[in-house]
Amino acid sequence: MKILLVGNGGREHALLWKLTQDAPDATFFATRPNPGMAPLARAVDLAPDDVEGLASWAEGNDVNLTIVGPEVPLARGIAGVFGRRGLPVFGPTSAAARIESSKAFAKELMQRNGVPTAAYRCFTRWEDAERYIQEEGAPLVVKASGLAAGKGAIVCTSTEEALEAAREMLEESAFGDAGREIVIEEFMEGEELSVFAITDGRHVVPLLPSQDHKPIGEGDTGPNTGGMGAYAPVPSGTRELVQRVEEEILLPVLDAMEAGATPFRGLLYAGLMLTADGPRVVEFNCRFGDPETQVVLPLMDSPLLELMVAVARGGSIAGAEVEWMEGSALNTVLASEGYPGSYEKGHEISIPEAISADPDTLIFHAGTRLEDRRMVTAGGRVLSVVGLGRDLEEARNRSLAGAEAIDFTGKTFRGDIGWRAFAPGPG
Ligand code: AMP
Ligand code: GLY
């Protein structure tokens, strides 16, 4: 079997790590793999969003399955292009990917179908947004409707901040085309949870819930990033909760997408807020989360590949079950100083042998590159250091030991990943 993985970040490294265990005899290919992925896959020198180029390459090389990691190629229609050429692909069509690529679309779908989420309004004109913000008052969340690499949501505790955020998006194109339409929504209070569900369009197989930490600073302070760390399992992510999420959120959304002639097949990611009134949707993504994938997949005892093959071939996953290992995983992201703003690249990375050789510490690469045989930084999020352990504390200690021991100029990380699970008492 020949499998092409599209994408080359930390999430794709973790996917490749899992899939190569599921299918040791398969031949794996990856688009411009990072140095961590390179030993596991043959390199295809095409950009992950070169949709037409990848389809021709897959056709010419008899690829049996293509798995798409990031949202951009999905939003650009990679699934449709592959589908029209009869090439099995895991990932939704661009019409279905709108659940992530247009927050306006996602909010409307939820509202029409009674899926719990924050109250909201959409705006394209600054004057209208200004009036609404003045009327509502803070706290409010101002979001670019389009794709913004996880950075397009601004949680505003003051009305001035909300006005500023909306004005920058609508009047100053702070997020380019992604912010030409904005969503302004009610602030929801609670703990966040990421639930990934593999779906054939009708049935879902939810994976183990995880918790991401989006703000750059410890104590959840500062601007939002793509995610600075994650852990699983999460104490609040019980079986009963997942059941409720399936019934109240995932299945109604899938039914609505099918009824709208845009069935969603692939990985549906529900970003939830666990409010006093129950789970409510913060956002949907049309792909696996990063950095949550790096902690969810190492705990998965069942193969992932079988489910992906079934979905990619248009089959059914009804009744499929996934087994999970005992124990916990916690991931600390090492970022470049300055991220999520501008940052330097090209700093040499050193990973001590004691860390890279430890079977309970997994290092997934994201923004790394080889330069004259030296590994150097090449992105905002550089590495994920995943600690595995019998419990969350052991996992955290391993992750932190790795995060401290790995070195590069400007290394920035949060030492408090998982803090909610360690906090005393409820809340
Ligand atoms: P999003 O890009 O929509 O996932 O938002 C990024 C982050 O902003 C989320 O993970 C939350 O931490 C925060 N956020 C977004 N929407 C809300 C909301 N309505 N209430 C509170 N926090 C939110
Ligand atoms: N970790 C959040 C995301 O993948 O969008």
Side-chain angles (χ1 to χ4, degrees), residues 7 9-12 14-15 69-72 74-75 97 99-107 110 116-122 136 138-157 161-162 165 169 175 178-179 182-196 207 209-217 219-232 267-277 279-297 331 333 335 340 364 366 380-381 384 414 417 420:
R11 162 187 48 216
E12 288 77 24
L15 280 164
E71 63 277 16
V72 171
L74 292 166
I99 197 137
E100 173 170 2
S101 66
S102 167
K103 289 191 190 287
F105 170 85
K107 294 295 290 191
M110 286 187 269
T117 187
Y120 79 104
R121 291 270 302 273
C122 293
E136 290 292 311
L140 287 171
V141 185
V142 178
K143 300 182 177 184
S145 178
L147 294 180
K151 301 166 200 162
I154 321 275
V155 178
C156 305
T157 47
E161 234 181 305
M169 287 183 200
F175 291 95
I182 65 171
V183 171
I184 301 181
E185 59 178 47
E186 166 203 0
F187 175 77
M188 296 186 287
E189 191 91 51
E191 178 174 349
E192 283 183 68
L193 197 70
S194 302
V195 176
F196 300 167
L207 306 186
S210 56
Q211 190 167 77
D212 184 14
H213 298 58
K214 292 226 173 79
I216 184 73
D220 287 335
T221 53
N224 273 335
T225 68
M228 291 300 292
Y231 68 99
L267 190 290
L268 182 61
Y269 164 139
L272 306 171
M273 192 69 82
L274 305 182
T275 71
D277 302 328
R280 297 168 80 194
V281 176
V282 176
E283 64 163 350
F284 284 113
N285 290 319
C286 65
R287 37 90 195 158
F288 283 87
D290 189 341
E292 297 98 313
T293 303
Q294 292 92 311
V295 291
V296 173
L297 297 186
N331 169 14
V333 170
F364 293 117
R381 292 191 291 178
S384 276
R414 284 182 58 168
I417 302 304
R420 279 178 186 276

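In listed order, ligands and their atoms are each counted from 1. Because only heavy atoms are used, hydrogens play no part in the values below, and waters and symmetry mates are left out as well, while side chains stay in.
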*asked:* Could you go through Y269 and S194, starting from their C-alpha distance and side-chain angles, then the distance that decides it, and tell me whether this counts as side-chain contact (heavy atoms from CB on, under 4.5 Å)?
replied: CA-CA 7 Å; Y269 164 139; S194 302; 3.4 Å; yes
*Answer with side chain, backbone, both or neither: which part of D212 has a heavy atom less than 4.0 angstrom from an atom of ligand 1?*
neither
*With respect to atom 16 (N) of ligand 1, which of K143, E192, K214 exhibits the smallest heavy-atom separation?*
K143
*What distance do I182 atom CD1 and Y120 atom OH have between them, rounded to the nearest 0.5 Å?*
13.5 Å
*Report yes if some N/O of K214 lies less than 3.5 Å from some N/O of ligand 2; otherwise report no.*
no
_Could you walk me through whether V141 and I184 satisfy the side-chain contact (heavy atoms from CB on, under 4.5 Å) test, starting with their C-alpha distance in whole Å, then the side-chain angles of each, then the deciding distance to 0.1 Å, before giving a yes or no?_
CA-CA 6 Å; V141 185; I184 301 181; over 6 Å; no
*Against heavy atoms of M188, which atoms of ligand 1 measure under 4.0 Å?*
18 (C), 19 (N), 20 (N), 21 (C)
*Based purely on interatomic distance, does G226 place a nitrogen or oxygen under 3.5 Å from a nitrogen or oxygen of ligand 2?*
yes
_Looking at R280 and E186, is there a salt bridge between them, counting it only when a charged N and a carboxylate O are closer than 4.0 Å?_
yes
*Classify the ring geometry between F288 and F196 as parallel (under 30°), tilted (30 to 60°) or perpendicular (over 60°).*
perpendicular
_Could you go through E185 and K107, starting from their C-alpha distance and side-chain angles, then the distance that decides it, and tell me whether this counts as salt bridge (charged side-chain N to carboxylate O under 4.0 Å, His left out)?_
CA-CA 10 Å; E185 59 178 47; K107 294 295 290 191; 2.8 Å; yes
*Can you check whether M273 has an N/O within less than 3.5 Å of an N/O in ligand 1?*
no
*What part of M228, side chain, backbone, both or neither, has a heavy atom within less than 4.0 angstrom of ligand 2?*
neither
*Would you mind reporting whether V195 and L272 have side-chain heavy atoms less than 4.5 Å apart?*
yes
*Apply side-chain contact (heavy atoms from CB on, under 4.5 Å) to the pair H213 and E192, showing each step before the final yes or no.*
CA-CA 9 Å; H213 298 58; E192 283 183 68; over 6 Å; no
*Any idea which atoms of ligand 1 are less than 4.0 Å away from a heavy-atom of E283?*
1 (P), 2 (O), 3 (O), 4 (O)
*For E191 and Q211, does a side-chain donor sit closer than 3.5 Å to a side-chain acceptor?*
yes
*Counting from 1, what ligand 1 atoms have a heavy atom of N224 closer than 4.0 Å?*
6 (C), 7 (C), 8 (O)
*Which atoms from ligand 1 have a heavy atom of E185 less than 4.0 Å away?*
16 (N), 17 (C), 18 (C), 19 (N)
*Indicate, as side chain, backbone, both or neither, the part of E189 found under 4.0 angstrom from ligand 1 when only non-hydrogen atoms are considered.*
neither
*Whether S194 lies under 4.0 Å from ligand 2, heavy atom*: no
*Pair E283 + K214: basic N to acidic O under 4.0 Å*: yes
*Side-chain contact test, heavy atoms from C-beta onward, threshold under 4.5 Å: evaluate it for P215 versus T225 and give yes or no.*
no
_What I want to know is whether R11 and ligand 2 share at least one N or O pair that is separated by under 3.5 angstrom._
no
*Relative to the heavy atoms of D212, which atoms of ligand 2 are at a distance of less than 4.0 Å?*
1 (N), 2 (C)
*asked:* List ligand 2 atoms under 4.0 Å from G289, heavy atoms only on the residue side.
replied: 4 (O)
*Give the numbers and elements of all ligand 2 atoms closer than 4.0 Å to a heavy atom of R287.*
3 (C), 4 (O), 5 (O)
*Could you list which atoms of ligand 1 come closer than 4.0 Å to a heavy atom of F187?*
20 (N), 21 (C)
*Which ligand 2 atoms, with their elements, are less than 4.0 angstrom from a heavy-atom of N285?*
3 (C), 5 (O)
